[in-house]
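Notes to accompany the following structure.
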Amino acid sequence: MDYEKLISLANEVKQNAYAPYSNFHVGAALITNSGKIYTGTNVENASYGATICAERTAIVKAVSEGEKKIKAIAISSDSEDYIYPCGICRQVILEFAADDLVIICSNNKGEYKVFNINEILPHAFVFKKNY
Ligand code: THU
């Protein structure tokens with residue numbers, strides 16, 4: 001798994017971020033179990049709550065092309081701080097996580113930290129109809 005390639009793709013796509021409200025540009029790049037790569041940016045909206053994060057953009061692109069398992073997802077922003085996925089994105093990542101999924105959180109120096117889904121989303125909600 002080439003973490004640095006995914007980070008560099010996330011950085012590249014970040015230029016397409018639509019973030020006129022926060023001016024916080026985010027890019028994400030993921031690789032699926034079948035080896036395909038999808039990228040995404042945040043897409044903001046005048047109605048702030050309608051904003052879509054970069055991670056979910058990339059995931060929705062992949063899933064709508066028939067991909068259901070993500071092996072790795074990298075996230076980048078222009079910040080010197082590491083960027084971590086928001087709570088909603090953590091739950092969406094879980095939905096399509098391959099068993100060995102890794103989440104690669106980077107900063108603007110190209111440094112990164114790697115997590116698995118249990119570290120990023122402990123005690124996750126899973127839907128099991130038992131009522
Ligand atoms: N954002 C992402 O795209 N991904 C994250 O992991 C955190 C936040 C976006 C949403 C919004 O457009 C902007 O960053 C500020 O919250």
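Atoms within each ligand, like the ligands themselves, are counted from 1 in listed order. If you read the sequence from its start, that first residue is 1, and numbering goes on from there.
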Exercise. What residue and heavy atom of the protein are closest to atom 12 (O) of ligand 1, and at what distance?
Worked result: Glu44 OE2, 2.5 Å

Exercise. How far apart are the C-alpha atoms of Lys69 and Asp99, what are their side-chain angles, what is the distance that settles it, and do they pass the salt bridge (charged side-chain N to carboxylate O under 4.0 Å, His left out) test?
Worked result: CA-CA 9 Å; Lys69 290 286 176 199; Asp99 290 340; 5.7 Å; no

For this session: Ignoring hydrogens and angles, state whether a donor on the side chain of Thr32 or Ser34 is under 3.5 Å from an acceptor on the partner side chain.
Result: yes

Exercise. What atoms of ligand 1 come within less than 4.0 Å of a heavy atom belonging to Val26?
Worked result: 1 (N), 2 (C), 3 (O), 4 (N), 9 (C), 14 (O)

Problem set entry | Residue portion contacting ligand 1 (non-hydrogen atoms closer than 4.0 Å) for Tyr21 | neither

Seminar exercise, completed: atom 6 (O) of ligand 1 sits nearest the protein heavy atom Glu55 OE2, 2.5 Å

Exercise. Do any heavy atoms of Cys86 fall under 4.0 Å from ligand 1?
Worked result: yes

Problem set entry | Enumerated ligand 1 atoms positioned under 4.0 Å from heavy atoms of Pro85 | 6 (O)

For this session: Say whether Ser22 and Glu44, considering side chains only, have a donor N or O and an acceptor N or O under 3.5 Å apart.
Result: yes

Problem set entry | Distance-only side-chain donor-acceptor flag, Thr51 / Asn45, under 3.5 Å | no

Exercise. Which residue supplies the protein heavy atom nearest to atom 7 (C) of ligand 1, what is that atom called, and how far is it?
Worked result: Ile83 CD1, 4.2 Å

Exercise. What are the two closest non-hydrogen atoms of Lys61 and Thr39, and how far apart are they?
Worked result: NZ-O, 2.8 Å

Problem set entry | N-O pairing of Lys109 and Glu80 below 4.0 Å | no

Exercise. Applying a 4.0 Å heavy-atom criterion (strictly less than), which segment of Cys53 is in contact with ligand 1: side chain, backbone, both, or neither?
Worked result: both

Problem set entry | Nearest-neighbour protein heavy atom for atom 3 (O) of ligand 1, which is reported as residue plus atom name and distance | Ala54 N, 2.9 Å

Problem set entry | Proximal ligand 1 atoms for Asn42, defined as those under 4.0 Å from one of its heavy atoms | 3 (O), 9 (C), 11 (C), 12 (O), 13 (C), 14 (O)

Problem set entry | Closest contact, heavy atoms only, Phe24 versus Ala19 | O-CB, 3.5 Å

Problem set entry | Contact summary for Leu9 and Ala29, nearest pair of heavy atoms | CB-CB, 3.8 Å

Exercise. With a cut-off of 4.0 Å, which atoms of ligand 1 are near a heavy atom of Ser22?
Worked result: 13 (C), 15 (C)

Exercise. How about atom 16 (O) of ligand 1: does it have a protein heavy atom within less than 4.0 Å?
Worked result: no

Exercise. Nearest heavy-atom pair of Asn108 and Asp78: which atoms, and what distance?
Worked result: ND2-O, 2.9 Å

Problem set entry | Protein contact of atom 14 (O) of ligand 1 - nearest heavy atom, named by residue and atom, plus distance | Phe24 CD2, 3.3 Å

